[in-house]
Amino acid sequence: DVQLQASGGGLVQAGGSLRLSCAASGFTFDDYAIGWFRQAPGKEREGLATIRSSDDSTYYVDLVKGRFTISRDNAKNTVYLQMDSLKPEDTAVYYCAVQALYGGSWYIFNAEKYHNWGQGTLVTVSS
């Protein structure tokens, strides 16, 4: 079965950096997107960045553009989210999830189209 595990969260001061990892396993398809989302208490889950396996195309929401970078290491079957210039409002549980594309429509930041969320990893940014 498909398994995704986010890791790398922790405590960091405002202005600092963290790199999150999403280890993937059990995939039986080639064309898919891995998305990074986060959810803070009292807020809805929001998309941050996503990368497509077939062509490495990436998308970012405006609030993280220029600060966060999504990338992949195919040899390690891992997707990363490099987070720089962190702000207290970045505090949230961060999740990675997969959307199977099969060459079709890509609902880039529609959380309902992503699956296998796992438990996420907590990022806490102090003032």
Side-chain angles (χ1 to χ4, degrees):
D1 57 339
V2 175
Q3 304 239 328
L4 299 174
Q5 180 59 57
S7 63
L11 299 173
V12 64
Q13 288 185 292
S17 298
L18 285 173
R19 188 175 75 164
L20 306 183
S21 298
C22 179
S25 64
F27 284 26
T28 60
F29 43 87
D30 292 326
D31 190 13
Y32 59 91
I34 299 292
W36 283 100
F37 293 73
R38 70 186 182 192
Q39 188 166 22
K43 294 186 177 181
E44 66 182 6
R45 189 168 297 185
E46 62 178 345
L48 304 172
T50 188
I51 186 167
R52 186 170 184 170
S53 66
S54 59
D55 61 4
D56 287 334
S57 59
T58 60
Y59 291 92
Y60 301 88
V61 295
D62 287 342
L63 80 163
V64 306
K65 193 174 298 182
R67 298 193 299 127
F68 292 8
T69 304
I70 189 169
S71 63
R72 68 165 61 245
D73 185 335
N74 290 333
K76 297 180 179 179
N77 204 25
T78 301
V79 173
Y80 302 98
L81 185 68
Q82 177 67 41
M83 306 187 296
D84 299 319
S85 302
L86 284 163
K87 306 173 182 179
E89 51 263 44
D90 294 319
T91 296
V93 177
Y94 285 68
Y95 301 87
C96 60
V98 63
Q99 180 179 148
L101 302 179
Y102 309 111
S105 298
W106 185 6
Y107 300 88
I108 296 174
F109 292 118
N110 186 342
E112 294 183 356
K113 300 298 184 179
Y114 288 83
H115 304 278
N116 302 85
W117 291 95
Q119 294 184 340
T121 185
L122 177 63
V123 172
T124 303
V125 184
S126 62
S127 300

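- With a 6.0 Å radius and a threshold of 12 heavy atoms from other residues, nucleotides or ligands, Asn110 has its CG atom above the threshold.
- Side chains of Leu63 and Glu89 form no contact here, defined as non-hydrogen atoms less than 4.5 Å apart.
- Nearest heavy atom pair, residue Leu81 against residue Ala49, reads CD1-CB, 4.0 Å.
- In this structure, Asp31 and Ser54 approach most closely via the heavy-atom pair OD1-OG, 3.2 Å.
- Side-chain atoms of Tyr60 come within 3.5 Å of backbone N or O of Ile70 as a donor-acceptor pair.
- A donor-acceptor pair under 3.5 Å links the side-chain atoms of Ser53 to the main chain of Tyr32, judged by distance alone.
- Rounded to the nearest 0.5 Å, atoms OG (Ser126) and CG (Leu86) are 10.0 Å apart.
- By the 4.5 Å heavy-atom criterion applied to side chains, Tyr114 and Tyr95 are not counted as neighbours.
- Between Thr91 and Ala40, the shortest heavy-atom distance links the atoms O-CB, 3.6 Å.
- For the pair Gln99 (side chain) and Tyr107 (backbone), a donor-acceptor distance under 3.5 Å is present.
- Hydrophobic clustering places Val64 together with Val123 (ILVMFWY residues linked when any side-chain heavy atoms are closer than 4.5 Å, directly or through intermediates).
- A donor-acceptor contact shorter than 3.5 Å links the side chain of Arg67 to the backbone of Ser85.
- Annotation: the span from Arg38 atom CZ to Arg45 atom CZ amounts to 13.0 Å, rounded to 0.5 Å.
- Counting non-hydrogen atoms of other residues, nucleotides and ligands closer than 6.0 Å to CZ of Phe109 gives a total above 12.
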Would you give me the side-chain donor-acceptor pairs under 3.5 Å for residues 10-25, sequence neighbours excluded?
unit_1: Ser17; atom_1: OG; unit_2: Asp84; atom_2: OD1; d: 2.7

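- Listed for the Asn116 side chain is no donor-acceptor partner under 3.5 Å among the backbone atoms of Val98.
- Remark: the backbone N or O of Thr50 is not paired with any side-chain donor or acceptor of Thr58 at under 3.5 angstrom.
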Test log, rule side chain to side chain contact (heavy atoms under 4.5 Å, CB included), inputs Leu101 and Arg52: CA-CA 9 Å; Leu101 302 179; Arg52 186 170 184 170; 3.3 Å; yes
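- The distance from atom CD1 of Ile108 to atom CD1 of Ile51, rounded to the nearest 0.5 Å, is 12.5 Å.
- Summarising the geometry of Ala111 relative to Trp117, their closest heavy-atom pair is O-CZ2, 3.2 Å, with the distance given to 0.1 Å.
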For Leu48 and Met83, what are the C-alpha separation, side-chain angles and deciding distance, and is it a side chain to side chain contact (heavy atoms under 4.5 Å, CB included)? CA-CA 11 Å; Leu48 304 172; Met83 306 187 296; 5.8 Å; no
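- Ring pair Tyr94/Phe68 is tilted by interplanar angle, where 30° to 60° counts as tilted.
- The pair Lys87-Asp90 does not meet the salt-bridge criterion, since no charged nitrogen lies less than 4.0 angstrom from a carboxylate oxygen.
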